[in-house]
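All chains are named by letter (A, B, ...) in the order of the sequence lines, taking the proteins before the strands, and each is independently numbered beginning at 1. Predicted model, so just to flag it, every value in this text is computed and none were measured.
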There are 2 protein chains.
Amino acid sequence: MQLNITDTLKKHQLSITDSRKKILSFFLQSANALAHADIEHKSGTEFDRVTIYRTLQTFVEKGIIHTIPTADNSILYALCKDECVAGHHHDDHVHFICDTCSTTYCLDHVSVPKVKLPKGFKAAQTDLVVSGTCNNCEQ
Amino acid sequence: MQLNITDTLKKHQLSITDSRKKILSFFLQSANALAHADIEHKSGTEFDRVTIYRTLQTFVEKGIIHTIPTADNSILYALCKDECVAGHHHDDHVHFICDTCSTTYCLDHVSVPKVKLPKGFKAAQTDLVVSGTCNNCEQ
DNA sequence: AATATTTTGCAACATAGTTGCACTGTACTA
DNA sequence: TAGTACAGTGCAACTATGTTGCAAAATATT
């Protein structure tokens, strides 16, 4: 059972607005990562483009969602686990992008392995993105 | 000693033009990855924006350079190793982005570990991007 | 209910990337 | 090496993406 939308917003010290409720609900309804364009499309003309941008930024800052890097120059957003706190993300899981259907998955159960870096390099964050064929698109 | 620029272009069945020679030389001169904007800045008004886009696309298709995914929504390009063939990249090394100086490095000697994916998921490509502090910026 | 504070929408702007088409430079052939 | 076929370039226009300032509206606080 999923956490109440209003409670989630309150927990992160955000005031309750229509756009925040709606956009958060999109993430709770979707098992996969969403792009800004997806949200814009889902919400139709209900919210201004700018509002969506600002809402997504706010959610990232508060640790509700996190960004996923992709090779094709688009930003994707997905819900954070509960351990994520404002300004301090713990997204040490692998992301998977399907080349066929373009869906992006958070593989929460696959953790990112530690890599050994050359001398003088210190890692703060590690992003592992795998692309290929997902379980819906395999033949 | 680095391979002759003209020979490299010929080897990849590309006709020799000023823009291709110049842009390839930027990559050979730079130890790090370059963005489109870097190349546009380096070349000044010598080439049209569109020409730079098309040249980079061509180089990627021919396996001369490869793209690097970044979390901040920008495409970076770096020279491929010799094993890269047209349409079939072998970029199984780790990329490192310095949070301080924004330089992107190809860590050729650090290979990407294999990850176990859930049933039905098949990996075609794996990108591992580490961010943190590089050896020039550590104190 | 009144006020202080946030949030939103609009307009304008900035950057990034693409496409069609005419023109120019490169490569090939005789 | 001159002529021709073709690949590559520059220009213009366009789309997509993302940002900023400011006034209006909604939310939170008392």
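Protein atom CG of A:Asp38 is 14 Å distant from nucleotide atom C1' of D:dA16, rounded to whole Å. Note: CZ (B:Arg20) to C1' (C:dA27) measures 12 Å, nearest angstrom. Distance A:His41 NE2 to D:dT17 P: 13 Å, rounded to the nearest Å. In this structure, B:Asp18 atom CG and C:dT24 atom C1' are separated by 12 Å, rounded to whole Å. For A:Leu56 and D:dG18, the CG to P distance is 10 Å, given to the nearest whole Å. Residue B:Phe59 contributes atom CZ, which lies 11 Å from atom P of D:dG8 at whole-angstrom precision. Distance B:Leu14 CG to D:dC6 C1': 15 Å, rounded to the nearest Å. The NZ-C1' distance, from B:Lys22 to D:dT9, rounds to 16 Å in whole Å.
Listed here is the closest heavy atom pair of A:Arg20 and A:Phe59: O-CZ, 3.7 Å. Scanning both residues, B:Cys134 and B:Tyr105, for their nearest heavy atoms gives SG-OH, 3.2 Å.
Proximity of A:Thr17 to the phosphate of C:dT8: a side-chain N or O atom is located under 4.0 Å from OP1 or OP2. Contact annotation: A:Ser15 side-chain N/O to D:dA26 OP1/OP2 distance is not under 4.0 Å.
Two residues, B:Ala37 and B:Lys10, neighbour DNA chain C, and the one matched to the more 5' nucleotide by heavy-atom proximity is B:Ala37.
Checked against the 6.0 Å centroid criterion, the rings of A:His36 and A:Tyr53 qualify as a close aromatic pair. Checked against the 6.0 Å centroid criterion, the rings of B:Phe96 and A:Phe121 qualify as a close aromatic pair.
For the helix from C:dA1-D:dT30 to C:dA30-D:dT1, the axis fitted to the five pairs at one end and the axis fitted to the five pairs at the other end meet at an angle of 40° (nearest 10 degrees).
Between B:Cys101 atom SG and B:Asn136 atom CG the span is 6.5 Å, to the nearest 0.5 Å. Taking CG of A:Leu14 as the reference point, atom OG1 of A:Thr6 lies at 12.0 Å (rounded to 0.5 Å). For the atom pair OG1 of B:Thr55 and NZ of B:Lys21, the computed distance is 13.0 Å after rounding to the nearest 0.5 Å.
The closest side-chain heavy-atom distance from B:Lys116 to A:Val110 is not below 4.5 Å.
If you check residues 46-55 of chain B against DNA chain C, the residues with a heavy atom closer than 4.0 Å are B:Arg49, B:Val50, B:Tyr53, B:Arg54, listed by number.
Of the candidates B:Thr103, B:Thr104, B:Asp38, B:Asn32 forms a side-chain contact (heavy atoms from CB on, under 4.5 Å) with just one, namely B:Thr103.
Between D:dT9, D:dG18, D:dA28, one nucleotide has an atom nearer to the side chain of A:Ile16 than all others, and that is D:dA28.
Heavy atoms of B:Gln57 sit under 4.0 angstrom from primed sugar atoms or phosphate atoms, though from no base atom.
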